**Student:** 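Please find one structure pasted underneath; my questions will follow.
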Amino acid sequence: MVLINWEDNLNQTQLDAVSNTDGALLVIAGAGSGKTRVLTYRVAYLIHEKNVSPESIMAITFTNKAANEMKERIIDLVGKRRYHPWVGTFHRTCANILRNYGASAGLLDSFTIFDDSEQLVVLKRVFKKLDTVPEPFKPRYYLHMISGAKSHLKPPEQLEEEAKTTFEKKVANVYHHYQESLREQNAYDFDDLISETCMLLQNHKPTRDILRNQYKYILVDEFQDINPSQYAFIKLMANPETRNIFAVGDDDQSIYGWRYADPKFMDNFQEEFAPVTIIKLEENYRSTAPILRVANEVIKNKSWGITKKLHTRKRSGLMPSFYMAGDENKEARYIARQINKHLDDGGNYSDIAILYRMNAQSRSFEEYFSMNGIPFRIIGGLRFYQRMEIKDILSYFRVLANHHDRSSLDRAINTPKRGIGDKSKDRIFNFMSQNRLGLFDLPTNEDILLSMGLQNAIVNRLIPFLELMHEFRDKSKKLKHVDLLSWIIKRTKYEELLEIEDTIEARARIDNLNELRGAFLSFQDNFPDRSLSEFLEHVALVSDIDSYEKTDDSVTMMTLHTAKGLEFDTVFLPGLEEKFLPHSRSQDTPDELDEERRLFYVGVTRAKNVLRITSAKRRLFRGVYINHTVSRFLTEMPLDIINGLDMTITQHGKDDEDTNHFPNFKRESKAKQKSFLDFDDDIEPMPSDEEVIVTRDESKQQKHGKQRKPQLASQYKVGNKISHPKFGQGEIVRINPVGGDDNFLTIQFDDKTGKKVFSEQKAPIEKLD
DNA sequence: CCTCTGGGTATTTTT
DNA sequence: TACCCAGAGG
């Protein structure tokens, strides 16, 4: 039993939030105000002081990362016990409920979870089946509409009834068939996990009663990002006697409106769970006063929301700076210089984050940092389990776990290529649908297969595949998951084919397969007796950020969305330009604009000590040069803040003089303007005594091959001889790992050429020994 | 059935 | 720039 001195560890408001344990409570927790602390201490308080049994507590988060952190911190506070509170994401919690209670209500209890790429496969098959085309919008837009319907708990029938326009009718019809297809495949998509659980709780009183009796205390994190179905879930779970719901959120950090999250549920909560105690946490423990001042100014201009004003005891601090670069390369150069200064001052790369609006913005930093030896790491983008090779191999597992999973079968059946194309797949799948067969119900008898209308040649290719799958199924009963993985990789010749291909991408894919082996092993160690389906569920519900820890010393780069909940000593916010932030696609309505503003606010409030904002006058974007003006979020700030910001502008070209990049700047006079818009283009390139060469042509990386994790193992060693098409033979004298997946090779050529530095991934060099 | 090519297009993505 | 997709041709 751990003894906790509550007063010493919490401020008065936090203590109120922790100890106010009766009825509904809404905590409005400003950025950096100790939200997670309050959540975990409240759980500990319930257990220690109120003798609540841990297993009657349920805490819901949005990310696995938050859930894992909370679990750990709760264990720190209450010690390891026989029973623990349930802590999980909305999706994992609901998946769990469906697995445990679904069957008793006539729902599926063994199901596969489809991620968005699998949803897309389903949707495209629906269009094919309906013999229509996804117009006037792209397939993803239809998925978005379907997701909207599910988020509002509308079944296809309701959407069909409500549909007025032709397009709405089309969406409803597609939704109908899409849903039918999912059910046929024993599959749920992410939205289904929530909506089906709501249906279960609504329509099946026994389950509802069991759960309500079990979980008397419910805590919900990030309440501002809750969508209608998640809100409905919380309402259904609320025990009507105790109504002990604890919600924490910050409407100023609601950034998932485009996924139907709505901060206004914080209002609904106050009405529907009345009486609700409301507590505001406004003391910020993260940032310095100057940073908070900027944050408060940013958010002050919002058109809707609960008013709060963050304050801090960290009175002194560096004034945030603004730097306007000539172009995106100069922006990268400026940030690189600042990073080096930070290191000269004794700081670490891992103190630093670069947070941008769009993933595409990472490019210029990747390139500049690689060339200048700044290690970096990109979080997000393509997720590990979304990679082509990982999906390919896992599709076999998914078929083994659920042989009705058509989307995975679709992939596995012709990966690697077996000469079974779309036409034949259609025939096979139609046959399966009509007879309600799973893969292992298919006959391996030649005559029957021929009667499906398949060509002789196809049958001769299909039978070996079916036999292979039967073999895998037999093996799956005998082998450990990781051994089955090796077996499948071997028998499908997947790795072998990559080895033959022997390109940079192929090698990266092989590395990823090895990482997958690692993931299997660690799952096996942590959960020795979990089934294959449970492993696959685990895999379906994780993301890049979940495993993110500041372990390696590199600069972190990610989108503003991904950065929510994190903090860094030094934060760079590049691209503070109109059309980037606010994004050109999100500036049409006040709601959209508000959300962009909150994104900026999230970015600002990630910084503990140093905040540097930058923008570029001109940048190469999607192959063309564009000119942006400075973001309105900066220019609308009061003049004294702008004067206070350490503003610098570099000139790009001579013709920039007459362009006003601050059209909506509140200025007093030209003279005054000069005082804070200081032109400064004398920054030298990064000091480097070695010429840096990166061959752009070789750098084409396919989306599904792009490896984001640092690749420490170089294929080279110091002393290796190499050959370069232009410079001839050389010897490697130094290897510097940089972020991304690259290493930085210093190569000594002949005396005339001297030493040169190459990117291992991009340079056209060949190993000679 | 598979691969190549040209044209159109372009946020964010907790699960 | 980098992708996705449709259609042509092997």
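This is a predicted model, so every value here is computed, not measured. Naming convention: chains lettered A, B, ... in sequence-line order (proteins, then strands); numbering from 1 in each chain.
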**Student:** Taking any heavy-atom pair under 4.0 Å as a contact, classify A:Asp422: base, sugar-phosphate, or nothing.
**Tutor:** sugar-phosphate

**Student:** What string of B, S and - do you get for nucleotides 9-15 of chain B 5' to 3' if you count protein non-hydrogen atoms under 4.0 Å?
**Tutor:** -BBBBBB

**Student:** Apply side-chain hydrogen bond (donor to acceptor under 3.5 Å, both in side chains) to A:Arg92 and list each qualifying residue two or more places apart in sequence or on a separate chain.
**Tutor:** A:Asn64

**Student:** Whole-Å distance between C:dA2 P and A:Glu505 CD?
**Tutor:** 12 Å

**Student:** Ignoring backbone atoms, test whether A:Arg363 places a side-chain nitrogen or oxygen under 4.0 Å from the OP1 or OP2 oxygen of C:dA2.
**Tutor:** yes

**Student:** Over how many whole Å does the gap from A:Glu366 atom CD to C:dT1 atom P extend?
**Tutor:** 16 Å

**Student:** Rounded off to whole Å, could you give me the CD-to-P distance for the A:Gln361 and C:dT1 pair?
**Tutor:** 18 Å

**Student:** Checking all strands, does A:Lys124 fall into the base, sugar-phosphate, or nothing category for heavy-atom contacts under 4.0 angstrom?
**Tutor:** sugar-phosphate

**Student:** So what does A:Ile60 hit on the nucleic acid, given a heavy-atom distance under 4.0 Å: a base, only sugar-phosphate, or nothing?
**Tutor:** nothing

**Student:** Does the A:Thr415 side chain pair with the main chain of A:Ala412, one donor and one acceptor, at a distance under 3.5 Å?
**Tutor:** no

**Student:** Scan A:Leu219, A:Thr93, A:Ile234 and name whichever one has a side chain to side chain contact (heavy atoms under 4.5 Å, CB included) with A:Met58.
**Tutor:** A:Thr93

**Student:** Considering every strand and a 4.0 Å limit on heavy-atom distances, what is the contact class for A:Gly421: base, sugar-phosphate, or nothing?
**Tutor:** sugar-phosphate

**Student:** With a 6.0 Å cut-off (strictly less than), is the heavy-atom count around CD of A:Glu501, excluding the residue itself, greater than 12?
**Tutor:** yes

**Student:** Within 45 degrees of the axis of the six-membered ring of A:Phe568 and under 6.0 Å from its centre: does A:Arg606 put its NZ or CZ there?
**Tutor:** no

**Student:** Using whole Å, report how far OH of A:Tyr141 lies from P of C:dC5.
**Tutor:** 19 Å

**Student:** Are the aromatic ring centres of A:Phe621 and A:Phe580 under 6.0 angstrom apart?
**Tutor:** yes

